[in-house]
Amino acid sequence: MSGFSSSSVAGRDIVALEGVTKRFPGIVANDSVDLSIRPGEVHVLLGENGAGKSTLIGMLSGLQQPDEGRILVDGKPTPITSPRHALALGIGTVFQHMMLVPTLTVAENLLLGGPWWQRPRTEELAARVAEITGTLGITVKLQAKVSELSLGEQQQVEILRAMLRNSRLLILDESTSMLTPKGIDELGALMRRLVEQGLAIVFITHKLKEAAAFGDRISVLKLGRKVGEIPPERFRALGEQEIVAEIVELMFGKQKDDPEAVERPVRTARAGAAPLLQVADLAVAPTDNAPGLSSISFDIRPGEILGIAGIDGNGQKQLAEALAGQRTATSGSVRLDGAAIETLSVGERRRRGLRYLTDDRLGEGTVGTFPVSINFFLKQVGAAPFWRNGVEQRAEIDKRATQLVREYDVRTPSLKTPVARLSGGNIQKVLLARELAEGAKVVIFNKPTYGLDLANTLASRQRIRDTAARGLAVLLISTDLEELLGMCDRIAVIANGALVGTVENVDDARTKVGRLMIGLAA
Amino acid sequence: KSIAILTPEEGTDYGWNQQGIDAAKAAGKAAGVEVVVAQGLGYGDVRPTLRELASDGASLLIAHASGYNTSAPEIAKELKVPVAIVDTPAGLEKGLVADYTLSGHEGAYLAGRLAAKVSRSKSVGIVVSGEPPSWNSQSAAFAQGVKAENPDVKITYAVIGPAAYSDAAGGKRVTESVIASGADIIFGQGNGSSFGMLQAVETTKAADGGKVYFIDVIGDKTPIDKGFLLSSVVWNIEPVYAAMIADLKADTFGTKHYTIGLKDDSVKLLKTAAIPDNVWTEIQALREDVISGKIKVEPVYDAAAVRALMTSVAQ
Amino acid sequence: MTGLFSEVFLSALLFGAVTAAIPLLLAGLGEQISEKAGVLNIGIEGMMLAGAYLGFVGAFYSGSLWLGFLTGAAGGAAVALVMALLCVRIGLNQIVIGIALTLGLEGLTALLHHFQFSRSYPRLPAADATVIPLLSDIPVIGPAFFKHHLIVYLAVALVFGMGYIYRRTQLGLNLQAAGDKPAALDVAGIDVVRTRTIAVLTTGALAGLGGAYLANVGAGLFIPFITNGAGFLGIVLAMLARGRPIWVLFGALLFGVCLSLTTAMQVAGINIPTDIIQMLPFLAVMIMLVLFGRRASLPAALGIPYERGAR
Amino acid sequence: MSIDTAPTVSATALDATSGAATRRDIAHRLLMTLGPIFIALVIAGCILLAVGVDPLAYYGFVLEKGLFSPLGIQQTLTRMAPLLFLAAGLIVAFRAGMWNLGGDGQFLLGAVTAAASAPVFVQIMPAWLALFCSFLIAMVVAMIWSLVPALLRAYQGVNEIITTLMMTFLGTSLANVLVKLAFRDPNTTVPQTRTLPVEDRLPRLFETTITSGLLLGLAAIVIVHLVMTRTAFGLKLRIVGANPRAAVHSGLGVPGLTVAVFAISAGLAGLAGAVDIIGVQGNVRADWNPAYGLAVIPAVFLARMNGFAAIGFVFLLSVLSIGGESAARRLGVPNHFTLVLVSIVLIVLAVAEYFDHRYSQSRRT
Ligand SMILES: Nc1ncnc2c1ncn2[C@@H]1O[C@H](COP(=O)(O)OP(=O)(O)OP(=O)(O)O)[C@@H](O)[C@H]1O
Ligand SMILES: Nc1ncnc2c1ncn2[C@@H]1O[C@H](COP(=O)(O)OP(=O)(O)OP(=O)(O)O)[C@@H](O)[C@H]1O
Ligand SMILES: [Mg+2]
Ligand SMILES: [Mg+2]
């Protein structure tokens with residue numbers, strides 16, 4: 001498995017794809033893609049949601065076989081038949097979706113794959129992990145159950161696992177999506193060190209700045225086709241701004257300045273208006289694998305966006321669930337438009353206008369095997385006009401679903417497609433459409449742009465701003481500080497299940513929030 | 001002209017089903033009528049089979065299981081075909097329904113006397129897989145026989161367990177326990193599970209280190225015996241069926257009850273080499289007494305009554 | 001009490017409890033492996049029947065119990081092979097195939113028995129016991145627990161063996177991953193299908209062994225439907241045990257003891273209808289379920305066929 | 001997620017495709033059912049040959065006695081009535097992701113209560129009302145019996161496979177005890193309940209021996225199908241089945257729905273028992289357990305929990321059991337062969353469905 005030194009000559013492809021095509025029912029996920037992956041390079045793959053990036057990775061890591069075209073390893077055509085084969089070829093992958101066994105400990109997950117008769121070699125592992133984490137600047141709790149870790153921590157474990165394998169090609173599929181800004185920078189530095197040692201890296205991200213900062217070569221996919229490439233020579237010649245501009249052009253075909261540039265929110269909050277959502281002293285008991293909440297208090301006025309910043313796993317999900325009614329609070333009060341709702345059921349809260357857009361799109365947000373159309377109305381089952389006297393009105397459902405698909409630009413082969421077959425961004429659009437439907441007063445967004453491509457991210461953000469502009473109260477939970485700074489009126493920081501401070505989003509908000517996040521007073 | 005017999009299990013059980021089928025064949029042969037055998041029908045709904053046999057031209061349907069005594073008379077009325085059922089004395093209907101309630105209790109009584117006589121440990125066991133009426137009457141009569149012979153003989157009564165008809169392992173396990181409680185003679189009743197009882201008897205030693213003997217019912221397991229079969233309360237149903245056929249011809253079908261008993265040897269105790277000759281002579285004398293009515297053996301069909309009897313005789 | 005419940009009788013009851021527990025234990029341990037690896041093996045009753053039949057055939061014709069156990073295990077594994085091919089390899093519904101296999105083997109073994117043994121009803125001689133020195137001299141307990149056929153001790157040892165495998169080996173990790181998150185196992189370079197196949201085959205072998213024990217030692221003979229739902233009880237025990245082999249042992253013993261208790265109560269002349277007494281073993285398990293069944297966490301991927309790269 | 005999701009694995013295709021079935025579709029379905037059955041018959045035929053029986057003669061009798069003779073088809077249709085109710089109950093449970101494997105226990109308790117009540121009721125009220133009340137009681141008793149697994153599952157998360165399996169062992173014993181101790185007919189030595197006179201049972205259809213229970217069964221399964229696929233309630237149950245966490249997130253009262261699913265499923269199983277007793281049997285004997293449930297479970301899965309397809313599979317099972325019994329008797333094979341035949345048919349059907357699926361997948365891309 002290991003034993004590849006850095007002797008491979010820079011400039012020659014470790015792995016190359018030639019005319020690779022992959023089809024799924026109703027869609028061509030990759031359409032004659034050529035790609036060359038070289039040692040000493042960070043090859044950035046860009047593309048909107050559903051462009052086919054992960055599918056490409058799937059073929060490189062042996063999960064899927066191309067329908068046409070071939071893969072060359074060290075210049076020789078090599079069908080990569082299984083993940084085991086890929087590992088043996090020195091290809092290590094961090095997948096977009098978590099690939100850890102939740103019921104095993106971190107150490108056991110890292111050891112998975114050893115010879116079956118052996119005892120897991122824990123001591124050996126601990127030593128090697130210490131070595132790697134030292135250079136990475138992260139800490140992992142080897143004895144912790146994976147299910148007890150936050151998504152961010154899990155992502156670190158996955159990166160660590162890929163490193164442990166001595167791969168000569170390391171693939172990172174959206175591995176920064178759950179990391180803190182500091183973590184992202186560290187990962188960037190690490191990638192740099194690794195390619196200097198002669199590794200090849202494929203790095204997938206939706207953040208153009210990361211692409212520009214960490215990459216050597218960029219390939220852009222669109223609708224399964226490779227639409228452009230910036231080779232290292234050009235890459236080095238261009239500045240960050242120019243690279244971003246060029247990528248944007250490749251991806252969207254239109255010129256635009258830094259699209260992610262912070263736009264100051266239009267102040268729509270009516271300072272005098274009574275708060276729409278009032279939370280006082282909310283507390284939730286901790287469970288085996290989740291922290292509790294203690295004395296959470298805040299108000300949100302109509303038209304206001306309150307951000308919740310914090311490192312993932314500090315109680316954000318618990319807060320959202322407690323507000324939505326999915327998790328029982330031990331004490332405290334929640335008032336919606338003045339009326340106490342803390343004892344109401346999930347359904348009743350929703351009927352009163354409280355909406356919750358979950359971050360777990362496939363786990364709880366949708367029923368993956370059900371058609372897209374039905375998933376739009378998952379929270380309205382039985383309501384008119386889609387059901388009359390309890391009987392489904394398929395025509396009404398399809399009519400409205402068609403409308404929503406158009407309005408929210410959901411890319412789906414048909415209304416009947418099982419929603420799980422859509423790409424992450426399109427699933428998110430289904431959820432947005434569902435939560436922003438008539439009657440919303442307060443909307444909780446939990447990591448609304450996680451995993452979304454640039455266009456979808458911008459569109460989602462615009463939806464959120466529009467929501468606030470319509471006079472709704474918005475609670476925006478995000479681990480992306482830029483996003484919060486760009487959107488919110490105020491930002492509260494959560495740590496260990498408690499709000500440690502709230503900051504008006506004015507000039508020096510960034511430093512204040514940053515200080516709060518690392519445990520200093522604002 | 002043909003007659004048909006329906007049995008719940010295959011006719012290879014050295015017991016109820018085999019005795020029924022063999023008897024029907026013999027009676028049919030004697031009367032010169034064809035015999036159709038429908039075996040292994042289970043205890044579910046046999047109406048389809050009854051209807052089919054009737055439509056195939058059977059002029060008598062022998063429903064050889066107490067489980068068939070609701071369906072068979074119904075079909076008899078529906079298709080006007082005579083049926084014979086068991087365990088339903090109240091069900092007689094002229095020309096249509098005849099009942100043969102078979103009880104080997106007289107034979108079981110003798111078996112009890114026999115067991116008490118030959119038991120070395122003065123302790124005998126009754127193991128049954130379930131508690132249907134025909135077994136109850138034999139269990140009770142056996143116990144009465146034992147006590148009549150020697151009130152000091154201990155009787156251990158055990159029902160095997162849930163769904164025990166084919167629970168051979170359960171039969172063996174319970175029988176072993178009963179042997180461990182001191183019994184050196186086992187009176188066993190059970191379908192498939194009785195082979196487990198037999199196995200237990202063959203492989204377990206009595207408290208005194210000697211052989212344990214088995215007393216079987218209904219059929220004759222001599223062909224598969226390994227020297228542990230003491231006796232069996234053998235039923236011979238042929239006279240019953242022969243009488244039915246005769247009644248059918250004489251147009252008197254459905255007017256009388258058919259039974260079996262010691263007097264015409266339709267119930268008899270099996271003589272094996274394991275029974276000492278003098279004991280056998282004594283038993284034969286007792287047989288005469290039962291036939292003559294000097295000894296009265298009343299059948300007890302109810303499970304609760306049987307258990308009550310067991311507890312009272314056990315003290 | 002003293003008169004009726006002699007030492008000999010008590011130890012015979014306990015001995016019977018152990019004998020009744022062993023097939024359940026083996027079936028439960030077997031089912032546990034499959035479940036751990038994510039396969040709900042409903043066909044275990046059929047595997048036990050195959051084991052019972054072939055085990056008996058092997059022992060009867062060769063005269064060797066050990067050979068019987070071997071053929072029994074092979075018979076169970078052969079049925080499991082069908083299950084593995086259909087449910088693991090090509091991903092057919094595990095319930096459909098499991099029940100179909102159970103029905104089929106009920107019929108097939110009854111059929112074979114009919115043509116082969118239904119005239120002779122052959123029976124095996126008593127299984128010879130391995131007497132454990134010293135321990136077997138303890139009154140009541142000794143003869144009840146320490147005078148069994150060697151296979152019984154091996155079965156109990158297997159409990160600890162399985163515990164070791166589950167907690168201390170890579171294989172244990174693989175099995176658990178195959179049940180909880182097969183995709184993670186796959187990308188770690190371990191073939192999920194192969195892991196599950198091994199698990200199902202082991203299940204079959206253990207269930208077959210359990211069936212062979214039931215026929216050869218428990219009953220000393222084979223008759224149709226001899227297992228009488230033991231396989232389904234094995235499923236219950238495996239689920240109740242939540243992945244820990246020792247609980248399968250406790251559950252199986254509890255069930256066996258309850259069975260013996262029903263005999264004891266009858267012999268003691270307690271005049272409760274036997275039908276009510278006989279509900280005892282099931283009631284005992286049901287009560288265990290009510291008390292300990294809480295959140296009986298099953299593997300996340302249980303019952304779901306694994307297909308690489310599927311969405 | 002837990003095991004709950006498993007039954008929906010096969011529901012996937014159903015929910016994904018749906019829509020109106022074209023005529024070609026139906027022809028295809030028919031081919032994909034009859035083809036495998038033919039293959040299964042060939043395989044089973046080899047076993048028959050091995051035991052020295054002429055397979056053609058055997059199948060001839062199966063078809064004649066199970067399907068093509070007037071008597072046979074009547075028997076087959078009569079046999080279907082309880083199976084249809086059982087299948088309907090299983091469809092509800094499986095679509096909602098609950099593995100109710102306790103059908104036999106619920107069936108028997110329903111049967112026993114119907115058998116105990118009907119003969120009494122017919123004496124004190126009009127026959128139709130009496131039978132209706134008996135059906136009702138049977139249903140309610142079975143529902144109550146399912147309460148233990150339902151509550152354990154809904155509020156304690158206890159897996160229902162274990163509880164329903166155990167409850168079926170217990171229910172079988174309890175039904176037995178009830179027959180022997182509570183509802184025993186004092187006029188017979190055989191432990192059984194009082195017998196409902198033939199003329200008071202469900203009427204037969206026209207001049208045949210087919211029970212009108214068949215119509216009730218067909219109605220039940222069609223209603224269940226429509227409720228599950230066309231109504232809000234059915235959709236709620238399917239959401240719970242497909243993704244319980246999504247159900248919670250969507251504000252569905254999952255515990256309540258869980259209890260409802262068990263109640264409906266068990267109630268239908270109880271009705272199955274009642275329809276068998278009130279329609280055909282007339283009484284329940286001690287130790288009676290036809291164990292219909294076991295073979296119906298795979299049939300419902302093969303039907304992908306679609307009511308109409310389930311009717312077809314139940315029909316097939318009935319033909320095989322009625323015809324198989326007759327054929328076995330005529331040719332001297334033990335009746336157990338029917339089990340082997342049913343098993344082979346189920347397996348080959350499942351395999352054929354897989355290859356069909358694979359084929360259509362590869363054609364679509
Ligand atoms: N197993 C599958 N079955 C069916 N369709 C699939 C499958 N895997 C991917 N697809 C489809 O192929 C297309 C490409 O998906 P892919 O996951 O490669 O996109 P991506 O570029 O990684 O998007 P994202 O940025 O959202 O992760 C999508 O339309 C997706 O719906
Ligand atoms: N295009 C659609 N619009 C709305 N709902 C749909 C659509 N397609 C499928 N569904 C949902 O899927 C469910 C299940 O479909 P299924 O195929 O079981 O029903 P069906 O095809 O209507 O029934 P039948 O087989 O009787 O025709 C539907 O009842 C509905 O809830
Ligand atoms: Mg992707
Ligand atoms: Mg349809």
Side-chain angles (χ1 to χ4, degrees), chain B residues 4 6-12 36-56 65-71 73-75 77-79 85-91 101 103 129-134 136-137 161-165 299-304, chain D residues 61 64-66 69-72 74-76 78-79 82 169-170 172-173 176 180-181 184-193 195-199 201 204 209 211 276 280-292 318 321-323 325-326 328-330 332-338:
Chain B
L6 299 88
T7 64
E9 316 252 338
E10 300 292 325
T12 55
V36 178
V37 178
Q39 52 189 336
L41 299 176
Y43 300 89
D45 182 21
V46 288
R47 286 176 184 81
T49 315
L50 285 165
R51 289 202 181 97
E52 203 186 311
L53 290 168
S55 80
D56 286 352
S66 60
Y68 303 163
N69 60 9
T70 306
S71 46
E74 287 174 23
I75 299 300
K77 271 164 229 152
E78 182 182 309
L79 303 174
I85 54 175
V86 297
D87 291 340
T88 316
T101 296
S103 172
S129 64
E131 297 184 308
S134 55
N136 288 341
S137 74
Y165 287 102
V300 177
Y301 290 109
D302 183 52
Chain D
F61 282 128
E64 187 196 331
K65 297 299 168 187
S69 69
L71 189 59
Q74 291 176 28
Q75 319 271 27
T76 298
T78 298
R79 176 62 54 87
F169 280 117
L170 274 177
T172 314
S173 308
N176 214 359
K180 286 181 182 167
L181 303 179
R184 184 170 169 171
D185 181 356
N187 300 318
T188 66
T189 51
V190 187
Q192 61 186 30
T193 63
T195 304
L196 183 67
V198 180
E199 52 282 6
R201 291 185 205 160
R204 292 178 178 176
T209 58
T211 171
D276 203 19
V280 178
Q281 312 281 1
N283 62 18
V284 174
R285 298 179 305 279
D287 297 317
W288 177 67
N289 180 7
Y292 291 138
S318 302
S321 85
I322 298 283
E325 192 168 89
S326 176
R329 170 160 43 82
R330 282 155 205 276
V333 237
N335 203 2
H336 305 305
F337 181 73
T338 313

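Chain A is the first sequence line, chain B the second, and so forth, proteins listed ahead of strands; every chain is numbered from 1.
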Practice item. Flag the one option from D:Ala286, D:Pro334, D:Ala291, D:Ala328 with the top tally of heavy-atom pairs under 4.5 Å to chain B. Key: D:Pro334
Point to revise | Per-residue contact mode, B:Leu41 against chain D (heavy atom under 4.5 angstrom) | key: both
Exercise for review: Report yes if the side chains of D:Val198 and B:Lys77 come closer than 4.5 Å at any heavy-atom pair, otherwise no.
Suggested key: no
Practice item. Could you pull out the closest heavy-atom pair between B:Pro133 and D:Val190, with the gap in Å? Key: CG-CA, 3.8 Å
Review point. Quick one: are B:Gln39 and D:Arg329 in side-chain contact, heavy atoms under 4.5 Å?
Key: no
Review point. Which heavy atom in D:Val280 sits nearest to a heavy atom in B:Glu74, and how many Å separate them?
Key: O-OE1, 4.1 Å
Practice item. Please look at B:Glu52 and chain D and tell me whether the side chain, the backbone, both or neither of the residue comes under 4.5 angstrom of a heavy atom of that chain. Key: both
Practice item. Specify the closest pair of heavy atoms between D:Gln75 and B:Arg51, including all atoms of both residues, with the distance to one decimal. Key: OE1-NH1, 3.1 Å
Exercise for review: Take B:Thr70 and D:Gln281 through the test side-chain contact (heavy atoms from CB on, under 4.5 Å) and record every step on the way to the result.
Suggested key: CA-CA 8 Å; B:Thr70 306; D:Gln281 312 281 1; over 6 Å; no
Exercise for review: Go through the steps to decide whether D:Arg330 and B:Asp56 satisfy the test side-chain contact (heavy atoms from CB on, under 4.5 Å), and finish with yes or no.
Suggested key: CA-CA 11 Å; D:Arg330 282 155 205 276; B:Asp56 286 352; 2.6 Å; yes
Review point. If you count heavy-atom pairs under 4.5 Å between each of B:Thr101, B:Asn69, B:Asn136 and chain D, which one has the most?
Key: B:Asn69
Practice item. Taking all heavy atoms of D:Arg285 and all of B:Ser66, pick out the closest pair and write down the distance. Key: CD-O, 4.1 Å
Review point. Can you name the closest pair of heavy atoms from B:Pro48 and D:Arg79 and give their distance?
Key: CG-NH2, 4.0 Å
Practice item. Under 4.5 Å heavy-atom distance to chain B, tell me which part of D:Gln192 shows up: side chain, backbone, both or neither. Key: side chain
Review point. Using non-hydrogen atoms only, which part of D:Ser326 is less than 4.5 Å away from chain B: side chain, backbone, both, or neither?
Key: both
Point to revise | Gap separating the OG1 atom of D:Thr78 from the CG atom of B:Asp45, nearest 0.5 angstrom | key: 9.0 Å
Review point. Chain D: which of B:Ser137, B:Ser71, B:Gly67 shares the most heavy-atom pairs with it under 4.5 Å?
Key: B:Gly67
**Study point:** Side chain to side chain, D:Arg184 and B:Asp302, heavy atoms closer than 4.5 Å
**Key:** yes
Review point. Would D:Glu325 and B:Thr49 count as a side-chain hydrogen bond (donor to acceptor under 3.5 Å, both in side chains) if you check the C-alpha gap in whole Å, the side-chain angles of each, and the deciding distance to 0.1 Å?
Key: CA-CA 8 Å; D:Glu325 192 168 89; B:Thr49 315; 2.7 Å; yes
Check your understanding: For B:Tyr43 and D:Trp288, which heavy atoms make the closest approach, and how far apart are they?
Key -> O-CD1, 3.3 Å
